[in-house]
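Note that the coordinates shown come from a computational prediction; the quantities given were computed from them, not determined experimentally.
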Amino acid sequence: MWEPLISPQILNQGNKIRFIDRHAVDDIQSSFIVVRTDAHYFEILPVVRDFEALPGDFRKKVVRFFDIGYGIQIEVWTE
């Protein structure tokens with residue numbers, strides 16, 4: 001189930017996350033996998049289906065833990 005990521009909760013490599021967009025009408029369909037973590041930030045890549053491919057110019061996105069709760073809201077998948 002999706003649960004809000006709250007400070008000071010830390011992510012681990014392999015966690016699946018999604019961004020919460022309060023302005024969007026539809027639920028966010030894109031989810032991301034955490035590929036690297038650090039004390040202050042984490043890097044993510046989009047989760048793609050087998051028949052999809054990442055765009056050639058796509059780079060890992062970096063999110064700073066400082067921004068969580070202030071600038072962006074994130075949910076993390078927990079089983």
Apply side chain to side chain contact (heavy atoms under 4.5 Å, CB included) to Gln9 and list each qualifying residue two or more places apart in sequence or on a separate chain.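 With neighbours one apart ignored, the set is Leu5, Ile6, Val76.
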I'd like to check the side chain to side chain contact (heavy atoms under 4.5 Å, CB included) partners of Ile33; sequence neighbours left out, ordered by chain and number.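 Side chain to side chain contact (heavy atoms under 4.5 Å, CB included) list for Ile33, sorted by chain: Val35, Leu45, Val47.
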Nearest 0.5 Å please: distance from the NZ atom of Lys16 over to the CD atom of Glu75. 12.0 Å
How long is the span from the CZ atom in Arg64 to the NE2 atom in His40, to the nearest 0.5 Å?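 Answer for the CZ-NE2 pair, Arg64 versus His40, is 11.5 Å.
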Besides Trp77, the hydrophobic cluster formed by Ile, Leu, Val, Met, Phe, Trp and Tyr side chains linked at under 4.5 Å, directly or via other members, contains Trp2
Are [X] and [Y] packed together at the side-chain level, in the sense that at least one heavy-atom pair is separated by less than 4.5 angstrom?
X: Ile10; Y: Thr37; result: no
X: Phe42; Y: Asn12; result: no
X: Ile74; Y: Arg18; result: no

Mind running side-chain contact (heavy atoms from CB on, under 4.5 Å) on Asn15 and Phe32 for me, showing each step along the way? CA-CA 8 Å; Asn15 282 137; Phe32 299 85; over 6 Å; no
